[in-house]
Amino acid sequence: MSPLSHGTSQQQPDEPALAVNPFSGQASPVSGMTEDPPKNRLAEGPLAPDTAYQVVHDELMLDGNARLNLATFVTTWMEPQAGRLMGESRDKNIVDKDEYPRTAELERRCVAMLADLWNAPDSAQAVGCSTTGSSEACMLAGLAMKRRWSQRNADRYPGSARPNLVIGINAQVCWEKFCNYWEVEARQLPMEGDRFHLDPQEAVELCDENTIGVVGILGSTFDGSYEPIAQLCAALDAYQERTGLDIPVHVDGASGAMIAPFLDPDLEWDFRLPRVASINTSGHKYGLVYPGVGWALWRDKEALPEDLIFRVNYLGGDMPTFALNFSRPGSQVIAQYYTFLRLGREGFRAVQQATRDVAMSLARKVEDMGDFKLLTRGDQLPVFAFTTADHVTSYDVFDISRRMRETGWLVPAYTFPRNRQDLAVMRVVCRNGFSRDLADLFAQDLARLLPELRDQPHPMVRDHQAGTGFHHSENRAER
């Protein structure tokens with residue numbers, strides 16, 4: 001018969017103490033009412049998990065409502081099933097291809113789907129990768145353009161030749177960062193009059209033997225308009241005939257590359273144009289995935305220099321990788337594949353058409369109020385920009401942005417860049433989840449403000465940056 005156990009046994013001196021993870025159970029059952037944890041240094045001891053959660057949760061309640069944020073292009077709603085998949089895979093590091101081969105396979109399939117969607121001559125030969133967003137994708141595309149140029153000009157570079165990149169001043173700030181970080185001269189074409197983006201002929205005039213490429217933007221963040229990619233390519237074709245210089249085009253399709261294939265299928269902007277060497281998009285914008293995932297694709301292997309590619313062991317084979325970031329979650333790529341699988345072409349077309357319809361309908365409602373002039377109407381990107389009409393002198397767009405924030409709406413107001421700094425606009429970004437009902441509520445709230453704004457003696461917001469709480473350069477970096 002075994003002796004009875006007693007609860008007063010002594011631990012032997014050489015016996016190790018029981019290791020308890022401090023995350024297991026309550027750290028202190030009374031700390032939630034008695035402790036005030038420091039905000040800028042680590043506390044001496046742990047908090048109960050529920051207490052720590054509540055502290056963070058309560059502070060985040062003061063953030064704006066993401067669904068009412070009409071400044072961001074980033075996806076703010078996904079189906080619960082997508083969220084569940086992301087939760088199940090958030091611990092997978094996408095850089096570990098050998099450890100997570102199925103996640104790597106889903107990434108490969110997404111690249112193949114995008115190559116087919118963007119009309120690559122041979123989708124099996126197109127090369128691409130996932131990124132953390134379009135900023136990284138643009139950096140990679142810029143590096144590929146610079147490397148191709150430097151290889152062609154090895155006798156002059158490095159040396160007296162300094163590479164340059166031609167972009168419109170409406171380009172995302174990530175392109176300015178690329179030029180700064182990788183020592184490329186940014187040749188920016190300013191806005192003029194009612195032209196708010198790049199003009200093909202004027203862009204060509206900035207090109208020379210040191211131009212690594214020209215960036216065309218399919219969907220300007222300033223007003224939602226497409227740049228004329230086909231006309232840009234045609235102008236560069238003619239330039240090559242005159243000079244012999246073969247200058248590639250990169251299409252920054254952060255938003256439009258996931259809109260145009262479904263809603264504007266006859267618009268030629270993609271790999272159907274032989275001069276288009278590479279394309280990027282943000283999966284977390286109109287790719288309908290939570291942040292952050294982007295994609296960069298090249299027409300073929302010749303467009304991406306081999307010496308930029310690193311190779312990793314994958315399923316006993318060899319997998320090429322090209323990235324600035326390394327460790328990052330695979331969950332967003334998995335969510336992208338889910339969305340492609342879930343919607344298909346017809347599903348994407350229906351979602352994007354509904355979003356464009358909401359944008360165009362809301363733009364008409366704003367125009368019908370009589371106080372505003374539309375710059376764009378939401379018929380390209382589901383985005384429209386407007387300013388106050390000439391007869392409106394008692395308020396401006398910064399007043400509207402500030403007052404709409406009081407009702408929960410986050411709407412950016414900003415001035416345009418060089419040569420059109422006299423023009424101040426508001427921009428409304430419509431996304432999946434911004435329904436017609438929400439658009440009607442937005443229009444009602446805006447109309448309700450107008451009588452009071454019209455009675456003002458003059459515009460009330462003096463500090464335009466503080467008044468709107470929005471810096472367009474920061475939003476441009478949101479990739």
How close do [X] and [Y] get, heavy atom to heavy atom, and via which atoms?
| X | Y | answer |
| --- | --- | --- |
| Ile212 | Pro163 | CG2-CB, 3.6 Å |
| Leu198 | Glu227 | N-OE2, 2.8 Å |
| Ala277 | Pro248 | CB-CB, 4.0 Å |
| Asp300 | Val127 | O-CG2, 3.9 Å |
| Thr376 | Val383 | OG1-O, 4.0 Å |
| Gly256 | Tyr226 | CA-CE2, 4.4 Å |

Could you tell me how the ring of [X] sits relative to the ring of [Y]: parallel (under 30°), tilted (30 to 60°) or perpendicular (over 60°)?
| X | Y | result |
| --- | --- | --- |
| Trp298 | Phe322 | tilted |
| Phe434 | Phe442 | perpendicular |
| Trp175 | Phe178 | perpendicular |

Open item on the list: Working note: Trp409 + Asp445, criterion side-chain hydrogen bond (donor to acceptor under 3.5 Å, both in side chains); need CA distance, chi angles, decisive distance, verdict.
Closed with: CA-CA 9 Å; Trp409 299 104; Asp445 286 343; 2.8 Å; yes

If we only count heavy atoms from C-beta on, is the [X] to [Y] side-chain gap below 4.5 Å?
| X | Y | result |
| --- | --- | --- |
| Arg195 | Glu202 | yes |
| Leu218 | Asp252 | no |
| Phe348 | Leu263 | no |
| Leu236 | Val214 | yes |
| Pro228 | His197 | yes |
| Met145 | Leu165 | yes |
| Gln188 | Arg418 | yes |
| Asp390 | Lys373 | yes |

Donor-acceptor check, side chain of [X] to backbone of [Y], threshold 3.5 angstrom: yes or no?
| X | Y | result |
| --- | --- | --- |
| Arg275 | His250 | no |
| Arg356 | Gln380 | yes |
| Arg405 | Val411 | no |
| Thr355 | Val351 | yes |
| Arg427 | Ala71 | yes |
| Ser89 | Leu85 | yes |
| Tyr286 | Thr281 | no |
| Gln456 | His458 | yes |
| Gln332 | Pro291 | yes |
| Asp455 | Glu452 | no |

How long is the straight-line distance from [atom2] of [Y] back to [atom1] of [X], given to the nearest 0.5 Å?
| X | Y | atom1 | atom2 | result |
| --- | --- | --- | --- | --- |
| Arg147 | Trp182 | CZ | CH2 | 11.0 Å |
| Leu232 | Gln201 | CG | CD | 9.5 Å |
| Tyr337 | Cys110 | OH | SG | 7.5 Å |
| Gln336 | Ser130 | CD | OG | 9.5 Å |
| Leu381 | Gln352 | CG | CD | 10.0 Å |
| Thr211 | Asn164 | OG1 | CG | 3.5 Å |

Task: Derivation and outcome, side chain to side chain contact (heavy atoms under 4.5 Å, CB included), residues Leu423 and Leu375 - done: CA-CA 11 Å; Leu423 180 59; Leu375 276 66; 3.7 Å; yes

Open item on the list: Taking salt bridge (charged side-chain N to carboxylate O under 4.0 Å, His left out) as the definition, give me every residue that meets it alongside Arg349, ordered by chain and number, with sequence neighbours left out.
Closed with: Glu346

Task: Asn170/Met191 under side chain to side chain contact (heavy atoms under 4.5 Å, CB included): CA gap, chis, key distance, verdict - done: CA-CA 8 Å; Asn170 60 311; Met191 297 179 177; 4.1 Å; yes

Open item on the list: Determine whether Phe222 and Phe196 satisfy the following criterion, ring pair (Phe, Tyr, Trp, His ring centres under 6.0 Å), listing intermediate values before the conclusion.
Closed with: CA-CA 8 Å; Phe222 277 92; Phe196 303 129; 9.1 Å; no

Counting only heavy atoms not in [X], do more than 12 sit closer than 6.0 Å to its [atom1] atom?
| X | atom1 | result |
| --- | --- | --- |
| Arg187 | CZ | yes |
| Glu406 | CD | yes |
| Glu185 | CD | yes |
| Asp194 | CG | no |

Task: side chain to side chain contact (heavy atoms under 4.5 Å, CB included) assessment of Phe384 paired with Val366 - done: CA-CA 10 Å; Phe384 65 95; Val366 169; 4.2 Å; yes

Open item on the list: Working note: Arg436 + Asp357, criterion salt bridge (charged side-chain N to carboxylate O under 4.0 Å, His left out); need CA distance, chi angles, decisive distance, verdict.
Closed with: CA-CA 9 Å; Arg436 191 177 294 272; Asp357 290 346; 5.1 Å; no

Open item on the list: Tyr100 and side chain to side chain contact (heavy atoms under 4.5 Å, CB included): which single residue from Glu107, Glu105, Lys92 fits?
Closed with: Lys92

Task: Carboxylate-amine/guanidinium contact Asp379 Arg377, below 4.0 Å - done: no

TODO: Flag the pair Lys365 and Asp368 as a salt bridge only when some basic side-chain nitrogen lies within less than 4.0 angstrom of an acidic carboxylate oxygen.
DONE: no

Task: Distance-only side-chain donor-acceptor flag, Asp437 / Ser435, under 3.5 Å - done: no

- [ ] Report yes or no: do Thr132 and Arg328 form a side-chain donor-acceptor pair below 3.5 Å?
- [x] no

Task: Chi angles and distances behind the side chain to side chain contact (heavy atoms under 4.5 Å, CB included) call for Thr75, Lys285 - done: CA-CA 5 Å; Thr75 296; Lys285 292 183 179 176; 5.6 Å; no

Task: Derivation of the side-chain hydrogen bond (donor to acceptor under 3.5 Å, both in side chains) call for Glu192 and Asn419 - done: CA-CA 6 Å; Glu192 292 291 348; Asn419 288 16; 2.5 Å; yes

- [ ] Quick one: do Asp116 and Ser123 satisfy side-chain hydrogen bond (donor to acceptor under 3.5 Å, both in side chains)? Show the steps, please.
- [x] CA-CA 6 Å; Asp116 178 66; Ser123 59; 5.1 Å; no

